[in-house]
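Read the structure below first, then the notes.
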Amino acid sequence: PRPFERTGMNGFGLVQIVRPKLRPSLLDRVQGEATATSALGLLRIAERDRGVGEVVVDGGAGVADWLARRPGLIAELRRRTGRGVRVVG
């Protein structure tokens, strides 16, 4: 048995190999979790901020609620930046 279902040639002359999906892709996983994706993205942006003083994470009420249920993420941001963190919603 081959490790793929079928092959085909597209309109540009490139061979395409079709394989079955073994598990959801990263994009499939985050598509249904918009609040979590937004919150984690804001934390990454906040981590790269090189300003001084308190880091303010403002993503709206949904993001603030999601982060309030995960205090470990805020603690990790404090540890990584060495600054205070305030979540605004």
Side-chain angles (χ1 to χ4, degrees):
R2 298 178 293 193
F4 52 87
E5 290 181 3
R6 63 182 185 276
T7 61
M9 179 111 26
N10 69 12
F12 298 104
L14 300 173
V15 175
Q16 295 179 319
I17 298 173
V18 179
R19 295 183 59 136
K21 192 184 277 192
L22 301 176
R23 61 185 174 275
S25 69
L26 180 60
L27 292 175
D28 290 337
R29 291 174 59 192
V30 301
Q31 187 175 19
E33 301 176 13
T35 302
T37 304
S38 296
L40 294 173
L42 285 171
L43 291 178
R44 294 294 294 170
I45 291 169
E47 182 181 2
R48 291 190 296 261
D49 181 43
R50 296 294 171 218
V52 296
E54 191 173 54
V55 176
V56 178
V57 178
D58 185 3
V63 169
D65 291 341
W66 191 88
L67 288 172
R69 292 190 305 270
R70 292 159 180 84
L73 292 174
I74 300 301
E76 181 66 16
L77 181 60
R78 278 191 194 102
R79 186 189 71 76
R80 289 177 180 228
T81 61
R83 298 163 57 189
V85 176
R86 181 168 44 110
V87 178
V88 179

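Note that the numbering runs from 1 along the sequence shown for the chain.
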Q: Over all heavy atoms of both residues, which pair between Gly59 and Leu42 is shortest? Give the atoms and the distance, please.
A: CA-CD1, 3.5 Å
Q: For Leu43 and Ile74, run side-chain contact (heavy atoms from CB on, under 4.5 Å): C-alpha distance rounded to whole Å, both residues' side-chain angles, the deciding distance at 0.1 Å, then the answer.
A: CA-CA 8 Å; Leu43 291 178; Ile74 300 301; 4.2 Å; yes
**Q.** Closest non-hydrogen atom pair between Glu47 and Arg44, with its separation
**A.** OE1-NH1, 3.1 Å
(Q) Tell me whether the count of non-hydrogen atoms from other residues, nucleotides or ligands lying under 6.0 Å of CZ in Arg29 goes above 12. (A) no
Q | Approximate separation, where rounding is to 0.5 Å, of Gln31 CD and Thr37 OG1 | A | 10.0 Å
Q.
Are Leu40 and Val55 linked, directly or through intermediate hydrophobic residues, by side-chain heavy-atom contacts shorter than 4.5 Å (ILVMFWY only)?
A. yes
Q | Electrostatic pair Glu76:Arg80 at N-O distance under 4.0 angstrom | A | yes
Q | Nearest non-hydrogen partners of Gly89 and Ala64, listed with the distance | A | CA-CB, 3.7 Å
Q: Measure across Gly51 and Arg83 and return the closest heavy-atom pair with its distance rounded to 0.1 Å.
A: O-NH1, 3.2 Å
Q) Are any non-hydrogen side-chain atoms of Thr35 and Asp65 less than 4.5 angstrom apart? A) no
Q) Are Trp66 and Leu73 close enough that some pair of their side-chain heavy atoms sits under 4.5 Å apart? A) yes
Q: Output, in order, the C-alpha distance, side-chain angles, deciding distance and verdict of side-chain contact (heavy atoms from CB on, under 4.5 Å) for Thr81 and Asp49.
A: CA-CA 8 Å; Thr81 61; Asp49 181 43; over 6 Å; no
(Q) Taking Val56's backbone N and O only, do any of them form a donor-acceptor pair with Arg86's side chain (distance below 3.5 Å, no angle check)? (A) no
